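None of the values given here were measured: they were computed from a predicted structure.
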Amino acid sequence: MAGRIITRCVSRALVEFGSGANCVKSRGTNRNYWTALRRTSTALTSGRAAFLLGLPALSCLGYAAYRKVQSSAVVCALDRGEVLEQADYLYSCAETEKLYQLLVQYKDSNDAEFLWRLARASRDLSLLPNIEAGRKKQLTFEAFEYAKKALEKDDLCSAAHKWYAVCLSDVGDYEGVKVKIGNSYIIRDHLERAIELNPKDATSIHILGYWCFAFAELPWYQRKVAAVIFSSPPESTYEEALAFFLKAEEVDPNFYSKNLLMLGKTYLAMKDKEKALLWLTKTKEYPAHTLEDKEVHKEAVDLLKKLG
């Protein structure tokens, strides 16, 4: 599959570093954002088809909660709410290894709230630069199993559907292009269900838009290759992708630099130069707080230069 397809948007928080706690703060509250840390574009003919995925970031819950993690000799003695609060705080502060160690104690839990967070933490750990290939693969499959279990325990949990879709995309990288394309249908189904359960989740809406954009931009000859490998490969249009990107912006304006960029790129693909310039300019002016924001800014500037 030569275009890019996604699910990690996966995240988005406009981050500011809190004083003293090195914590990432997000605009607004109760948001599941995605910060994309990987960017991949692979061809069907290469035998790989990768999704763009990212890490959500949640708002800080306070330094006191973090102190509880460090001072508690037996985390299991804490009640459910305290553990989830600590988990979300560690996540918001990018304490990936500490978060994983906290949540892995609950790997046999029947609580979907623990399990989807553990899936996310396992996946995040697999993306760290110091993780060797074998461990990365192990964590990727672990993450999928935790997400799968979370979904089994609570089919009405929006986050479980979202992380199942993300982790299914990840394991597809190890299972070949035919499986990867087949999984695309399942990924879309779970993203749609996540949105149905939580219509205010702008990141899931963005991810679905990116999924549509990737298949819309697939060249005709790659579609033919896909049709040989998979009798009925997924299809979409720029119009469909645009609708999702606009909806995400309506739900949460300026929540993610990548959504602004994709609006510009979609209008560009649809030959609407005026609107493409509008959204690419907004992207360029977006505060670059993260590495991804900086990469998005650069791409927007390059596109604007080409447009003159």
Side-chain angles (χ1 to χ4, degrees), residues 1-10 12 34 36 38-46 49-54 169 180-181 184-185 187-188 191-192 195 202-228 230 232-288 292-308:
M1 187 185 320
R4 293 167 300 176
I5 48 182
I6 131 165
T7 64
R8 192 179 209 252
C9 155
V10 164
R12 225 26 224 157
W34 301 59
R38 288 192 302 172
R39 299 176 61 201
T40 54
S41 179
T42 55
L44 269 174
T45 50
S46 70
F51 281 80
L52 288 180
L53 300 175
S169 171
K180 188 76 171 180
I181 298 175
S184 297
Y185 289 105
I187 289 166
R188 176 162 187 160
L191 288 171
E192 289 176 339
I195 295 167
T203 59
S204 288
I205 300 171
H206 165 83
I207 292 166
L208 194 47
Y210 207 112
W211 187 100
C212 294
F213 183 90
F215 284 107
E217 73 171 353
L218 207 63
W220 67 268
Y221 60 89
Q222 292 170 355
R223 293 183 190 280
K224 286 200 168 186
V225 174
V228 170
F230 196 80
S232 180
E235 295 182 357
S236 189
T237 64
Y238 291 120
E239 288 76 13
E240 189 176 10
L242 179 65
F244 284 119
F245 293 139
L246 288 172
K247 181 63 177 178
E249 207 61 30
E250 176 188 331
V251 168
D252 195 356
N254 295 315
F255 76 106
Y256 186 21
S257 62
K258 192 63 170 285
N259 198 64
L260 301 178
L261 175 66
M262 293 311 300
L263 278 163
K265 292 178 70 172
T266 305
Y267 277 119
L268 198 58
M270 295 170 66
K271 312 300 182 184
D272 190 333
K273 184 176 178 180
E274 182 178 350
K275 289 183 179 177
L277 284 169
L278 172 66
W279 288 102
L280 290 174
T281 300
K282 287 186 177 183
T283 307
K284 184 183 73 170
E285 295 172 350
Y286 188 95
E292 187 194 27
D293 288 337
K294 293 175 183 177
E295 292 174 346
V296 165
H297 177 272
K298 183 181 183 304
E299 186 172 356
V301 169
D302 290 343
L303 288 171
L304 285 168
K305 287 179 181 177
K306 290 179 182 178
L307 287 173

| Validation row: Asp272, Lys275 side chains within 4.5 angstrom (heavy atoms) | yes
| query | How about Cys212 and Tyr238: do any of their side-chain heavy atoms sit closer than 4.5 Å? | reply | no
Hey, could you give me the [atom1]/[atom2] distance between [X] and [Y], rounded to the nearest 0.5 Å?
X      : Y      : atom1 : atom2 : result
Asn254 : Glu285 : CG    : CD    : 10.5 Å
Leu280 : Leu277 : CG    : CG    : 7.0 Å
Leu268 : Leu307 : CG    : CG    : 5.0 Å
Leu191 : Thr203 : CG    : OG1   : 9.5 Å

| Neighbour count >12 (heavy atoms, 6.0 Å) for atom CD, Glu239 | yes
Measure across [X] and [Y] and return the closest heavy-atom pair with its distance rounded to 0.1 Å.
X      : Y      : value
Trp279 : Leu260 : CZ3-CD2, 3.6 Å
Phe213 : Thr266 : CD1-OG1, 3.4 Å
Tyr267 : Ala276 : CB-N, 3.7 Å
Tyr210 : Met262 : CE1-SD, 3.6 Å
Ser257 : Thr283 : O-CG2, 4.0 Å
Ser184 : Phe215 : OG-CZ, 3.7 Å

| query | If only atom types and distance count, is the side chain of Asp252 paired as donor or acceptor with the main-chain N or O of Phe255 below 3.5 Å? | reply | no
| message | Checking the side chain of Lys180 only, and the main-chain atoms of Ser169 only, is there a donor and an acceptor separated by less than 3.5 Å? | response | yes
| said: Once salt bridge (charged side-chain N to carboxylate O under 4.0 Å, His left out) is applied, do any residues pair with Glu240, and if so which ones, sequence neighbours excluded? | reply: Arg188
| field | Partners meeting salt bridge (charged side-chain N to carboxylate O under 4.0 Å, His left out) with Glu250 (sequence neighbours left out) | value | Lys247
| Does the side-chain contact (heavy atoms from CB on, under 4.5 Å) test come out yes or no for Asp293 and His297, once each step is laid out? | CA-CA 6 Å; Asp293 288 337; His297 177 272; over 6 Å; no
| query | Of all residues at least two apart in sequence or in a different chain, which pass the ring-ring contact (aromatic ring centres under 6.0 Å, His included) check with Phe245? | reply | His206
| request: Let me know which of Val301, Leu303, Asp302 forms a side-chain contact (heavy atoms from CB on, under 4.5 Å) with Glu299. | output: Leu303
| request: Evaluate the side-chain contact (heavy atoms from CB on, under 4.5 Å) criterion for residues Glu249 and Leu246: first the C-alpha distance (whole Å), next the side-chain angles of each, then the deciding distance (0.1 Å), finally the verdict. | output: CA-CA 5 Å; Glu249 207 61 30; Leu246 288 172; 5.6 Å; no
